[in-house]
Amino acid sequence: MNRTKKALSDAFWQLLEEKPYNKITVQNIVEYCHVNRNTFYYHFQDIPALAEYTIKDWADQVIRNHCEFGSPINCITPIAQEFIRRKSAFIHIYRSSRREAFIRYLNEISQHIVQSYIDSAVKNVNLTPEDKSMFIRYYKCTFAGVVLDWLDAGADYDLLAFCEKICASFEGSGKRAFLKQIRRNTSAKKALTSL
């Protein structure tokens with residue numbers, strides 16, 4: 001990543017921790033980085049473009065550096081920790097005009113994590129592509145929904161503890177659901193071949 005672009009992105013995160021998105025100006029960012037306005041506009045069209053770049057870059061880094069696939073908690077814990085680490089920034093962006101872009105990236109993060117986990121969990125299981133897609137969508141919506149609920153609540157509960165309890169409570173339920181669906185599919189095939 002270009003150092004100047006990274007500095008602008010880091011400045012945006014820092015400012016977003018301190019104040020609402022709508023209050024951040026290009027002037028704030030260039031002063032923070034000790035660069036001129038032309039430097040900002042060389043890299044970004046405007047603050048929404050910087051916000052979009054920053055969130056996408058953050059999501060890519062979290063996925064690349066922190067997601068270990070094995071059990072659901074190994075995937076969810078690092079993401080929850082990252083949201084907690086940047087709690088004020090996420091609350092500010094969630095309550096701003098960039099909320100829609102943030103939700104889109106949250107869905108992408110959730111989709112990637114769940115898809116990678118399910119790909120590794122069911123590689124030796126005979127799930128149809130439709131069933132696999134159904135499970136991915138369900139778990140993606142569940143994880144994204146938990147994060148959105150946390151933000152709706154002003155991040156006033158322990159997201160990490162909540163995620164750990166959910167994973168412990170539902171441990172093994174995904175595997176049981178996969179097996180149940182496979183049995184259903186097998187029964188349906190047998191019924192069709194006996195006609």
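All figures in this text were calculated on a predicted structure; none of them were measured in a lab. Side-chain atoms are counted along with the backbone in the values below, which use heavy atoms only and exclude waters and symmetry mates.
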Interatomic distance, NZ@K6 vs SG@C33, rounded to 0.5 Å, equals 10.5 Å
For L160 and A80 the tightest heavy-atom approach is CD1-CB, 4.1 Å
In terms of heavy-atom contacts, Y21 and A51 come closest through CE1-CB, 3.8 Å
CG (L8) and NE2 (H43) are apart, to the nearest 0.5 Å, by 6.0 Å
Note to self: Between W150 and F90, is the ring centroid distance below 6.0 Å?
What the structure shows: no
Which word best sums up how the rings of Y139 and F135 line up, parallel for under 30°, tilted for 30 to 60°, or perpendicular for over 60°?
parallel
- Between Y32 and W13, is the gap from one ring center to the other below 6.0 Å? no
* For S110 and N107, test the side chains for any donor-to-acceptor distance below 3.5 angstrom and give the result as yes or no. => no
How about NZ on K19, more than 12 heavy atoms from neighbouring residues, nucleotides or ligands closer than 6.0 Å, or not? yes
Between the CG atom in D156 and the NZ atom in K87, the distance rounded to the nearest 0.5 Å is 8.5 Å
Note: V26 and I47 closest approach over all heavy atoms is N-CD1, 3.5 Å
- request: May I ask you to check whether D152 and Y94 show a side-chain donor-acceptor distance below 3.5 Å?
  value: yes
Of all heavy-atom pairs linking V146 and C163, the shortest is CG1-SG, 4.3 Å
The reported gap from CZ in R37 to OG1 in T25 (rounded to nearest 0.5 angstrom) is 7.5 Å
To the nearest 0.5 Å, atom CD1 of I93 lies from atom CG of N22 at 10.0 Å
- Does atom CD of Q27 have more than 12 heavy-atom neighbours, drawn from other residues, nucleotides or ligands, at distances under 6.0 Å? yes
dist R98:CZ -> I55:CD1 (nearest 0.5 Å) comes out at 7.5 Å
Checklist entry - Do the side chain of S9 and the main chain of K5 share a donor and acceptor less than 3.5 angstrom apart? => result no
Review point. So do the side chains of L151 and I91 get within less than 4.5 Å of each other, counting heavy atoms only?
Key: yes
Stepwise, does the side chain to side chain contact (heavy atoms under 4.5 Å, CB included) test hold for F162 with D158? CA-CA 6 Å; F162 182 81; D158 187 337; over 6 Å; no
*Verify side chain to side chain contact (heavy atoms under 4.5 Å, CB included) between V30 and T39, making sure each step is shown before the conclusion.*
CA-CA 8 Å; V30 298; T39 301; over 6 Å; no
Correct closest heavy-atom pair for Q111 and K140 would be OE1-CD, 3.2 Å
Exercise. Can T54 and D57 be counted as having a side-chain donor-acceptor contact under 3.5 angstrom?
Worked result: no
Charged N-O contact under 4.0 Å between R104 and E52: yes
**Message:** Let me check something: do V35 and Y42 share a hydrophobic cluster, defined by ILVMFWY side-chain heavy atoms less than 4.5 Å apart, either directly or through other members?
**Reply:** no
